A.B. asks: 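Attaching a single structure in structure tokens format; questions to follow.
The figures that follow rest on heavy atoms only: side chains count, while hydrogens, waters and symmetry mates do not. The structure displayed is predicted, hence computed values, not measured ones.
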Amino acid sequence: QFLLLAPAIVPGLAVTLGIQVFFLRYGLSGTLPGVVLVQLVPTIPYVTLVLGSAYANFDTTYEEQARTLGAGPLRTFWHVTLPILRPSLVVATFFAFLISWSEFILTLLIGGGTVKTLPLLLFASIGRSDLNLAAALPVLSVLPPLLPVLGPALPPTDGRRPAVGA
């Protein structure tokens, strides 16, 4: 379990420099697949902890009941397992997005300046002399992580009433 949490414990720059040597050797530095792979490194500990706790509390009797009633493996997964694990999957996805959104150094060093992500463009624009742009960029950098949080809080648009607080 320590090796799984190591990317969260070891300083990011040390991890990045070690990964960069590996990625240079295998031709992944400066490529989109290299940036995607390096974005997985800091997110894996958090996603594993969230999904591991979801699976630890998962009751397999629901799957057994579905199979007893004639559901196949795919139907059992789609209609029983996935709905039960959906909240944990949403939380894990949200954590992965937030962590990946804040990984400026990993993307800059592994992408080599050729792979441009939105956080890289926002950080590059901050150094310009336009004060209006410098004031607007912090708002733009906060909006993408904020949308998944505020999205479920919005009222439904199809005329239904929300279930909570109704």
Side-chain angles (χ1 to χ4, degrees), residues 1-58 73-154:
Q1 189 167 358
F2 174 74
L3 290 177
L4 190 61
L5 295 175
I9 297 170
V10 177
L13 190 59
V15 171
T16 303
L17 293 176
I19 290 174
Q20 188 176 23
V21 170
F22 177 78
F23 277 32
L24 282 170
R25 183 174 297 150
Y26 292 104
L28 291 170
S29 186
T31 65
L32 184 61
V35 171
V36 170
L37 285 173
V38 82
Q39 291 293 328
L40 291 175
V41 171
T43 61
I44 285 175
Y46 300 100
V47 170
T48 305
L49 284 175
V50 169
L51 292 179
S53 66
Y55 281 113
N57 295 324
F58 183 71
L74 186 61
R75 177 167 247 148
T76 301
F77 174 76
W78 194 254
H79 292 287
V80 177
T81 309
L82 193 60
I84 292 172
L85 295 177
R86 184 172 287 132
S88 299
L89 289 169
V90 169
V91 169
T93 303
F94 182 64
F95 278 171
F97 173 76
L98 284 179
I99 293 164
S100 180
W101 180 259
S102 66
E103 286 300 329
F104 175 74
I105 299 294
L106 278 173
T107 308
L108 181 67
L109 290 178
I110 300 300
T114 58
V115 179
K116 303 248 187 260
T117 60
L118 188 57
L120 283 178
L121 293 174
L122 289 174
F123 280 111
S125 298
I126 288 175
R128 297 192 180 133
S129 61
D130 187 8
L131 295 178
N132 294 329
L133 183 64
L137 284 175
V139 174
L140 286 176
S141 67
V142 169
L143 277 179
L146 201 57
L147 288 176
V149 174
L150 295 179
L154 297 175

A.B. asks: Sequence neighbours left out, what passes side-chain hydrogen bond (donor to acceptor under 3.5 Å, both in side chains) with Gln39? Give chain and number order.
C.D. replies: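 Result, side-chain hydrogen bond (donor to acceptor under 3.5 Å, both in side chains) vs Gln39: Ser100, Thr107.
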A.B. asks: Go through the structure and list residues passing side chain to side chain contact (heavy atoms under 4.5 Å, CB included) with Ile99, not counting sequence neighbours.
C.D. replies: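 With neighbours one apart ignored, the set is Pro42, Thr43, Tyr46, Glu103.
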A.B. asks: List for me each residue that meets side chain to side chain contact (heavy atoms under 4.5 Å, CB included) alongside Thr48, sequence neighbours excluded, and say none if there are none.
C.D. replies: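 Thr48 satisfies side chain to side chain contact (heavy atoms under 4.5 Å, CB included) with Leu4, Ile44 once adjacent residues are dropped.
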A.B. asks: For residues 10-30, run the donor-acceptor check on the side chains, cut-off 3.5 Å, and write out each pair with its distance to 0.1 Å, sequence neighbours left out.
C.D. replies:
residue : atom : partner : partner atom : Å
Thr16   : OG1  : Gly12   : O            : 2.7
Gln20   : NE2  : Leu109  : O            : 3.3
Ser29   : OG   : Ile110  : O            : 3.4

A.B. asks: Side-chain atoms of residues 73-98: list all donor-acceptor pairs with protein atoms under 3.5 Å, sequence neighbours left out, distances to 0.1 Å.
C.D. replies:
residue : atom : partner : partner atom : Å
Thr76   : OG1  : Gly72   : O            : 2.7
Thr81   : OG1  : Glu63   : OE2          : 2.4
Thr93   : OG1  : Leu89   : O            : 2.7

A.B. asks: Apply ring-ring contact (aromatic ring centres under 6.0 Å, His included) to Phe58 and list each qualifying residue two or more places apart in sequence or on a separate chain.
C.D. replies: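 For Phe58 there are no ring-ring contact (aromatic ring centres under 6.0 Å, His included) partners, ignoring immediate neighbours.
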A.B. asks: So, taking the atom named NZ in Lys116 and the one named CG in Leu32, what distance separates them when rounded to the nearest 0.5 Å?
C.D. replies: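 Those atoms lie 13.5 Å apart.
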A.B. asks: Counting only heavy atoms from other residues, nucleotides and ligands, does the tally under 6.0 Å from CZ of Phe104 exceed 12?
C.D. replies: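 For Phe104, atom CZ is crowded (more than 12 foreign heavy atoms under 6.0 Å).
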